[in-house]
Amino acid sequence: MAPGCASCFSTRLRAPRSSEPRSVRTPKTERDRVTERGALSAVTVSSSPVPSTKSGSSALASPVTVDEPLLSDPDFAVFPKSVQVARLPLVIFDDEVEEQRIWEEGSVNNGVVSHGPGPPDIKVKNPVVMSNAFKGFVVQPYELRYLHYRNVGIVFARPPGGRFMQPSIDTVLVCRGLVDCLQSFKTVTRLIDVGSGSGFIGKFAGHYAQGPSELEVTLVDIDPTAISYYKNRTFNSESATMTGRPIDWKFCAEDAVSLLDHDSAFDLIVSNPPYIPTKSEASGSLSPLSGGFWEGVGLVVYLLKLISQRAASGARLVLMITSLTLKAPAILEALETVVKKGCRMKILLEREIAWKAWYAGPHSLDHLLATEKESRYPHQVAGCEFFIGATAPGSSRTGKDGRDQMFGYHWHVAYVLEIQAC
């Protein structure tokens, strides 16, 4: 725990893992598409932190037809038996995040996630957003859903009064990058998810982190409502990693910069931070670290300085940025400085995804749009090639999967970076 971190909640979980079955198919009758879903209050849970049981396991799609073969279920997470949800959508991603499957009417009965027989209601190839409105599926932050990727799952709805981010396509892409990072990172003793939001990234990293002894996992978010969610059984903090290492969870409601200023001795730092530059940042002036809900790249710059100047040798930072972020000269300079100081940087994942500029962006977009040259050619930064800026609706860089007919979206390129301290 960070010295002076009075707002941290720590729980050591030691209960044995459950041997309950992973998922059950339950029969259901014909039904209409879901038009409304329950909020968090519809779940029967205890709000105290408890040992979890065993964890369960870019894009216009063609409609699913009855002729398609049934897809095998993933190994769904198992929750405490007190978790009961009569109806919620199940949102599942394949291992490479190249397919999203949605069952619109799933349930959680006695902690067991299930859906009726048959293929998913919606299947999207190369997903570019979490909520595929163009396929008729939208889930609001306050609405329940089960999110699943590679044996890790949460039942999520943002609690009343919360302002922290719900899971997005970014969330799953960072986890895909972590798969490659953690395969080669043999000993992780302490990890932190900075600006943890739903906590899914930190939970995923904790599930797969390698090492011989106890693992400390810190989730830090400035919104105290996020901490109340982590303590809930629908988040279901695991008692142990996939290999049986005990996990000591620390939940901190505070400014992550203050925490890291006091204690930066983490082996692994992961973050999906605010990454949209303000107009002044795109002009060369770095905004305060607080920035705003969507805007401000000060935290990105801070984390890059931390890994290059204060982190122990061998520590790693796994960080999400996009071509939007690279519109800020301070980001370009910070990336160059990281490599000049001897850190090793590589791109774990590169993916063009949608940007709902009308929702998650400023009123004026000119400072974020790519020039004609930037839209066509990548730019060399710190020994890696990056695209810079966003492209307009109808003008994606890849033109894949009919996305140029999706006129509600601008397009940017997501990058999951791994930076290893020298």
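Values below: every heavy atom of this structure, side chains too, minus hydrogens, waters and symmetry copies.
No side-chain donor from either of T391 and S375 sits under 3.5 Å from a side-chain acceptor of the other. S283 and S285 share no side-chain donor-acceptor pair at under 3.5 Å. A donor-acceptor contact under 3.5 angstrom links the side chains of T398 and E352, judged on distance only. D366 and S364 share no donor-acceptor pair across their side chains, judged by distance under 3.5 Å alone. Using a 3.5 Å distance cut-off with no hydrogens or angles, the side chains of D261 and Y302 do pair a donor with an acceptor. Inspection of the S196 and Y230 side chains reveals an N or O donor paired with an N or O acceptor under 3.5 Å. A donor and an acceptor atom, one from each side chain of Y377 and H379, are nowhere located under 3.5 Å apart.
Within the structure, every pair that satisfies the salt bridge (Lys or Arg N to Asp or Glu O under 4.0 Å) test and touches residues 321-343, not counting sequence neighbours, is listed here: K327-E374.
Y142 does not carry R158 over the face of its six-membered ring by the limits of under 6.0 Å from the centre and within 45° of the normal. Both tests pass for K203 against the ring of F235: distance under 6.0 Å to the centre and angle within 45° of the axis.
Interatomic distance, S323 OG to I388 CD1, rounded to the nearest 0.5 Å: 8.5 Å. To the nearest 0.5 Å, atom CD of residue E96 and atom CG of residue N126 are 11.5 Å apart.
Formation of a donor-acceptor pair under 3.5 Å by the T322 side chain with backbone atoms of L324 is found in this model.
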### Message
Pair R145, E143 - check salt bridge (Lys or Arg N to Asp or Glu O under 4.0 Å), show working.
### Response
CA-CA 7 Å; R145 88 296 309 256; E143 292 181 311; over 6 Å; no
Hey, mind stepping through L317 and L304 against side-chain contact (heavy atoms from CB on, under 4.5 Å) and telling me if it holds? CA-CA 8 Å; L317 168 66; L304 291 172; 4.2 Å; yes
* To do: For R190 and D248, run salt bridge (Lys or Arg N to Asp or Glu O under 4.0 Å): C-alpha distance rounded to whole Å, both residues' side-chain angles, the deciding distance at 0.1 Å, then the answer.
  => CA-CA 9 Å; R190 301 182 74 214; D248 177 18; over 6 Å; no
task: Go through Y146 and I154 one step at a time and tell me if the side-chain contact (heavy atoms from CB on, under 4.5 Å) criterion holds.
output: CA-CA 6 Å; Y146 172 74; I154 59 173; over 6 Å; no
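No more than 12 heavy atoms of other residues, nucleotides or ligands lie within 6.0 Å of NZ in K373, so this atom counts as exposed by the packing criterion. Heavy-atom contacts from other residues, nucleotides or ligands closer than 6.0 Å to CZ of R344 number 12 or fewer.
A side chain to side chain contact (heavy atoms under 4.5 Å, CB included) with I192 is found for one member of D267, V270, L259 and no other, namely L259.
In this structure, H148 has its ring center under 6.0 Å from that of F76.
Take R316 and apply the salt bridge (charged side-chain N to carboxylate O under 4.0 Å, His left out) test, not counting sequence neighbours, and it matches E418.
Aromatic ring orientation, Y208 versus F204: tilted (interplanar angle from 30° to 60°).
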